[in-house]
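Below is one structure, written out as structure tokens, with a few remarks after it.
The basis for the numbers below is simple: all heavy atoms, side chains too, and nothing from hydrogens, waters or symmetry mates. Counting starts at 1 for both ligands and their atoms, in listed order.
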Amino acid sequence: MTQHVLVLGAGIVGICCAIEMRRRGLDVTLVDRREPARETSYGNAGVLAGGSIFPEASPDLWRQLPHLLLNRGAHVHVHYGYLPRMVPFLTRFLRNTRRAVYIRNAGAIHALLDRAVDTHRVLAREAGASHLVRRRGWLKLYRSAKAFAASDGDEQLLRDHGVDFTRLDPAALAELEPGLKPVFAGARWITGAAAVSDPGALGTRYADLFRAMGGSIRTARIRALRKTADGWRAESDAGPIDAGRAVVALGAWSRALLAPLGYRLPLIAERGYHRHFEPPRTPLNRPIHDIESGFVMAPMDKGYRLTSGVEWAPLDATATPVQLDRILPRAREAVAIGAPVGDSWLGNRPQTPDSLPVIGEVPGHRNLWLATGHGHLGLSLGPVTGLLLARAVQGESSDIDLSPYSPARFG
Ligand SMILES: Cc1cc2nc3c(=O)[nH]c(=O)nc-3n(C[C@H](O)[C@H](O)[C@H](O)COP(=O)(O)OP(=O)(O)OC[C@H]3O[C@@H](n4cnc5c(N)ncnc54)[C@H](O)[C@@H]3O)c2cc1C
């Protein structure tokens with residue numbers, strides 16, 4: 001087997017895998033149909049989201065589900081015609097709402113997320129991109145005292161995992177963040193989190209670092225993956241690309257490439273939108289998450305980026321940014337943002353039923369590796385995933401138990 005490794009997908013996850021394998025002396029080619037970090041890794045909310053250890057499938061979901069499925073709120077928007085195709089995902093998703101499973105999954109998210117800021121800082125320094133990462137935490141905001149009190153269980157989970165946070169009443173919140181209007185009854189300031197002021201630019205810098213380390217980046221659309229005598233062949237519109245090992249890091253597009261190999265990854269695209277706005281007169285110092293309204297807003301280099309909740313729709317469906325229309329009045333209630341800048345953007349979060357990424361070798365397919373399924377946390381978890389994947393590919397031991405993220409959990 002050659003030491004040549006093919007990484008398919010140059011989103012933040014693929015780029016970081018490529019860097020860490022190159023660092024270990026492997027001959028790595030990174031392939032994408034676009035420039036690096038131009039899909040989901042481009043337009044996210046930019047939060048290195050310490051404290052976001054809560055899996056999507058929560059025990060409370062059953063209570064919320066009827067409302068969510070009515071398409072009236074901003075948290076979830078469903079294309080109803082897509083629901084039948086979501087059944088394999090939803091069946092597993094609902095099984096993950098059991099409390100014991102939820103708590104176990106939260107622990108597995110935390111094990112990775114705990115490293116998010118430090119691993120980014122190391123890479124950002126190497127890539128000359130430290131100015132893009134700012135460590136001032138982020139704010140989880142509650143409009144009603146009732147909702148704040150109802151999140152006490154979450155708070156306990158944060159404590160159980162040693163996540164640093166500060167509870168803020170309205171006065172303390174106003175002092176910390178004078179740019180916020182007084183519409184919140186309480187907040188948690190996740191102090192160890194960080195914010196990236198331009199996630200696309202960070203991805204570009206990391207890709208440049210990979211090139212500077214001697215890595216190769218090719219532009220090609222992958223059509224299929226086949227086993228060869230020596231490893232794996234990616235069939236692409238630029239011809240076949242062979243390597244001893246292949247890593248699939250195609251984000252929400254990973255599933256389609258794996259299905260013909262008989263590996264059925266229960267992965268869906270949780271689509272999400274953003275739009276930029278002119279900054280308010282009093283700037284925010286950190287990103288905010290208005291929990292009840294269902295939006296995240298982050299001060300960024302391109303403007304104030306307002307990001308939406310989840311849309312369950314096919315990957316190739318036309319954009320339907322209705323959630324942006326719903327959250328905008330709520331966002332204006334909270335922050336005096338100005339006029340919109342540019343159009344809305346659509347991205348695809350690669351979501352698994354247990355909210356855990358898939359990192360490891362594909363069962364029954366030697367030398368075929370997976371690094372995908374990072375859902376709402378892929379920006380945060382890119383570097384730590386790259387590190388873990390590279391160690392596993394090289395047979396090195398790791399201080400993080402990889403079994404919760406194993407592709408084998410899906411059979
Ligand atoms: C609105 C929104 C807000 C978010 N906010 C945050 C946040 O604040 N913090 C956080 O940590 N995460 C956040 N996320 C999640 C995060 O953006 C994703 O988890 C992450 O970008 C996934 O990275 P990836 O590399 O797996 O996928 P992607 O970035 O989607 O990369 C996949 C790559 O595969 C390529 N590709 C696909 N098919 C082919 C093919 N056939 N041939 C060649 N190339 C192909 C694509 O071009 C793309 O470059 C957010 C996501 C959204 C949508």
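Considering backbone and side-chain N/O atoms, Gly272 never comes within less than 3.5 Å of an N/O atom of ligand 1. Considering both main-chain and side-chain atoms, Arg349 never comes within under 3.5 Å of ligand 1 through any nitrogen or oxygen pair. In terms of polar-atom proximity, Pro350 is not counted as a contact of ligand 1, lacking any N or O under 3.5 Å from an N or O of the ligand. Residue-to-ligand polar distances place Gly378 within reach of ligand 1: an N/O pair is separated by less than 3.5 Å. Residue contacts with ligand 1: Ala252 is placed with no nitrogen or oxygen under 3.5 Å of a nitrogen or oxygen of the ligand (distance criterion only). Annotation: Arg33 places an N or O atom under 3.5 Å from an N or O atom of ligand 1; distance criterion only. Residue-to-ligand polar distances place Ala45 within reach of ligand 1: an N/O pair is separated by less than 3.5 Å. By the 3.5 Å distance cut-off applied to N or O atoms, Ala249 is not counted among the residues near ligand 1. For ligand 1, one of its N or O atoms has an N or O atom of Ile12 under 3.5 Å away.
Protein heavy atom in closest approach to atom 31 (O) of ligand 1: Gly11 CA, 3.4 Å. Looking only at heavy atoms of the protein, atom 30 (O) of ligand 1 is closest to Thr40 OG1, 2.8 Å. For atom 40 (C) of ligand 1, the nearest non-hydrogen atom of the protein is Ile222 N, 3.7 Å. Atom 21 (O) of ligand 1 has Ser41 OG, 3.0 Å as its closest protein atom, hydrogens excluded (heavy atom only). Protein heavy atom in closest approach to atom 35 (C) of ligand 1: Asp32 OD2, 3.1 Å.
A 4.5 Å side-chain heavy-atom check between Met300 and Pro199 finds at least one atom pair inside the cut-off.
For Ala49, no heavy-atom contact with ligand 1 is shorter than 4.0 Å.
Put simply, the residue from Lys140, Arg143, Arg330 that forms a salt bridge (Lys or Arg N to Asp or Glu O under 4.0 Å) with Asp290 is Arg143.
Aromatic ring centres of His79 and His77: separated by under 6.0 Å.
Between Phe148 and Tyr142, the ring-plane angle classifies as tilted under the 30° and 60° cut-offs.
Listed by number with element, the atoms of ligand 1 under 4.0 Å from a non-hydrogen atom of His376 are 6 (C), 9 (N), 10 (C), 11 (O), 12 (N), 13 (C), 14 (N), 15 (C).
Using a non-hydrogen distance threshold of 4.0 Å, Thr372 does not register as a contact of ligand 1.
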